[in-house]
Amino acid sequence: MLHFFFFNDTATTEIYTLSLHDALPIFVTSIFPLYEFSRAVAGQPADVHLLVPPGAEPHIWEPKPSDIKRIREADLFVFMGHDMEPWVSDILGSLGAGGPRILEASRGLAPTSENSPMDPHLWLDMSLAARLVGRIENALVSLDPASGAVYRKNADRYRKELGKMDDLFRIGFSRCNTRKFVFGGHAAFGYLARRYGLEQIPVYGISPDAQPSPRRIVRIVKIVRKNHLKVIYFEDLVNPRLAQIIARETGAETMALYPAGNVTTRRWKEGVTFLDLMKLNLANLRQGLECE
């Protein structure tokens, strides 16, 4: 029987325990930030797997039969939500009896709309990232209560690191020449912008495969010129062509921003972490916003 477990920040709606004996519980996570958070909470040694391979675009990636098998054999499958991973619905429907526990990490953390997709990039607001860590913590404690104290300690430690990053962002954006930035990717930085008092001007909408109209491009070029913006940002896993076009039209330069839903294969091999990507975002945004 397949059980769905929806975790709040402090408790679960239903709590079950699982005898894991001496074996390590197996965690499968859909995307990079959940993989990072789960590894931080589980600690070492931990059997945590990333489902979407490095370099793939998480929204449009399609699982193979071997991926479904990996999930079926796991103790816990963690995914963000159906707006981030629309392909999860088909996986859950195919698992059958005896599947893993399921944690939809973003459930209830952000408003939903029947008319438009939810922005799923909650982890770019460090306070929401901390709440995602809490949900993973609760799920692991419920799954493996014998190791609960370790999970609690690890989660507290990682939340402190997120808190430090939150402070760095707040201080880093406290004195800037402008608070507007143009992002030549899909609108992934809404939570970050709201948290730190910035204004994101995206070329695309939420969906990474949406195409902006020529009128939209012209409007953004006018905004860049009017506000004397010196940097146009592009998304690391999306074709930077439109960002480059706007930069050429306005005399701006281009720089990368990292939504962190995934990492490139090179960065994965280098061992780049979620917090490393956030530091890069902070540095690059501070340059474009001309922060002191």
Side-chain angles (χ1 to χ4, degrees), residues 31-37 40 52 54-55 57-59 80 84 106 110 119-133 158-204 206 208 224 229-240 242-244 246-247 252-268 270-292:
I31 59 174
F32 180 70
L34 297 178
Y35 170 79
E36 285 279 289
F37 300 163
V52 178
E57 214 300 319
H59 296 277
M80 195 69 192
M84 183 69 204
S106 69
D119 179 359
H121 304 86
L122 282 77
W123 57 85
L124 293 174
D125 174 335
M126 296 302 107
S127 67
L128 293 176
R131 294 179 68 182
L132 292 172
V133 168
Y158 195 74
R159 275 191 291 267
K160 288 178 181 177
E161 293 301 313
L162 292 172
K164 292 176 183 177
M165 185 63 64
D166 191 38
D167 291 340
L168 287 176
F169 271 70
R170 287 187 178 280
I171 294 169
F173 297 138
S174 61
R175 301 180 66 181
C176 303
N177 188 51
T178 180
R179 308 201 72 79
K180 300 177 187 288
F181 66 96
V182 170
F183 184 49
H186 64 299
F189 285 84
Y191 289 108
L192 183 148
R194 283 191 289 274
R195 176 72 174 174
Y196 306 110
L198 307 179
E199 180 183 348
Q200 171 190 223
I201 304 168
V203 173
Y204 299 87
I206 292 294
V224 172
L229 302 182
K230 295 179 172 60
V231 174
I232 308 299
Y233 295 99
F234 62 89
E235 184 173 350
D236 63 326
L237 292 177
V238 174
N239 191 318
L242 287 179
Q244 293 167 347
I246 295 170
E253 64 175 305
T254 58
M255 296 185 73
L257 285 181
Y258 304 90
N262 205 351
V263 291
T264 63
T265 302
R266 177 178 65 85
R267 291 191 181 278
W268 174 264
E270 291 172 348
V272 170
T273 68
F274 171 77
L275 293 174
D276 291 335
L277 294 180
M278 295 306 101
K279 290 175 183 176
L280 289 172
N281 282 339
L282 176 59
N284 289 356
L285 279 169
R286 277 178 49 80
Q287 183 170 332
L289 300 175
E290 300 180 85
C291 303
E292 295 181 11

> Evaluate L289 against V231 for side-chain contact (heavy atoms from CB on, under 4.5 Å), listing each step before the verdict.
CA-CA 8 Å; L289 300 175; V231 174; over 6 Å; no
> Can you see which heavy atom on G184 is nearest to which on A243, and at what distance?
CA-CB, 4.2 Å
> Judged by atom type as modelled, is there a donor-acceptor pair below 3.5 Å linking the side chain of R195 to the main-chain atoms of M126?
no
> Do side-chain atoms of Y233 reach the backbone of N284 as a donor and acceptor pair under 3.5 angstrom?
yes
> Roughly how far, to the nearest 0.5 Å, is CZ of R194 from CG of D119?
6.5 Å
> Test your reading of the model: is there a side-chain donor-acceptor pair from D276 to the backbone of T273, 3.5 Å cut-off?
yes
> Which heavy-atom pair separates F37 from A129 by the least distance, and what is that distance?
CZ-CB, 4.0 Å
> Would you call K230 and Q287 a side-chain contact if the rule is heavy atoms closer than 4.5 Å?
no
> Under the criterion side-chain contact (heavy atoms from CB on, under 4.5 Å), I'd like the reasoning laid out for E270 against V263: C-alpha separation, chi angles, the key distance, then a yes or no.
CA-CA 10 Å; E270 291 172 348; V263 291; over 6 Å; no
> Quick check for you: to the nearest 0.5 Å, what is the distance between E253 atom CD and L229 atom CG?
12.0 Å
> Give the minimum heavy-atom separation between I31 and P58, together with the two atoms involved.
CG2-CB, 3.8 Å
> Listed by chain and number, what are the side chain to side chain contact (heavy atoms under 4.5 Å, CB included) partners of R286, not counting sequence neighbours?
F173, L282, C291
> Got a donor-acceptor contact below 3.5 angstrom from the Y158 side chain to the E36 backbone?
no
> Could you pull out the closest heavy-atom pair between A260 and F32, with the gap in Å?
O-CD2, 3.7 Å
> Measuring from atom OH of Y191 to atom CH2 of W123, what distance do you get when rounded to the nearest 0.5 angstrom?
10.0 Å
> Look at the aromatic rings of F169 and Y196 and report parallel, tilted or perpendicular, splitting at 30° and 60°.
tilted
> Taking atom CG of D167 and atom CZ of R170, what is their separation to the nearest 0.5 Å?
8.0 Å
> Atom CG of L162 and atom CE of M278: how far apart are they, to the nearest 0.5 Å?
10.0 Å
> Taking the side chain as every heavy atom from C-beta outward, state whether H121 and L192 have any atom pair closer than 4.5 Å.
no
> E199: what forms a salt bridge (Lys or Arg N to Asp or Glu O under 4.0 Å) with it, not counting sequence neighbours?
K180
> Nearest heavy-atom pair of P120 and H59: which atoms, and what distance?
CG-CE1, 4.0 Å
> So F181 and F189, would you call those rings parallel, tilted or perpendicular, with 30° and 60° as cut-offs?
perpendicular
> Indicate the atoms forming the closest heavy-atom contact of G185 with P202, along with that distance.
O-CB, 4.2 Å
> Please list, chain by chain and in numerical order, all residues satisfying side chain to side chain contact (heavy atoms under 4.5 Å, CB included) with T264, sequence neighbours excluded.
D236, L237, R266, R267
> If I take atom CG from residue L124 and atom OH from residue Y258, how far apart are they, to the nearest 0.5 angstrom?
13.5 Å
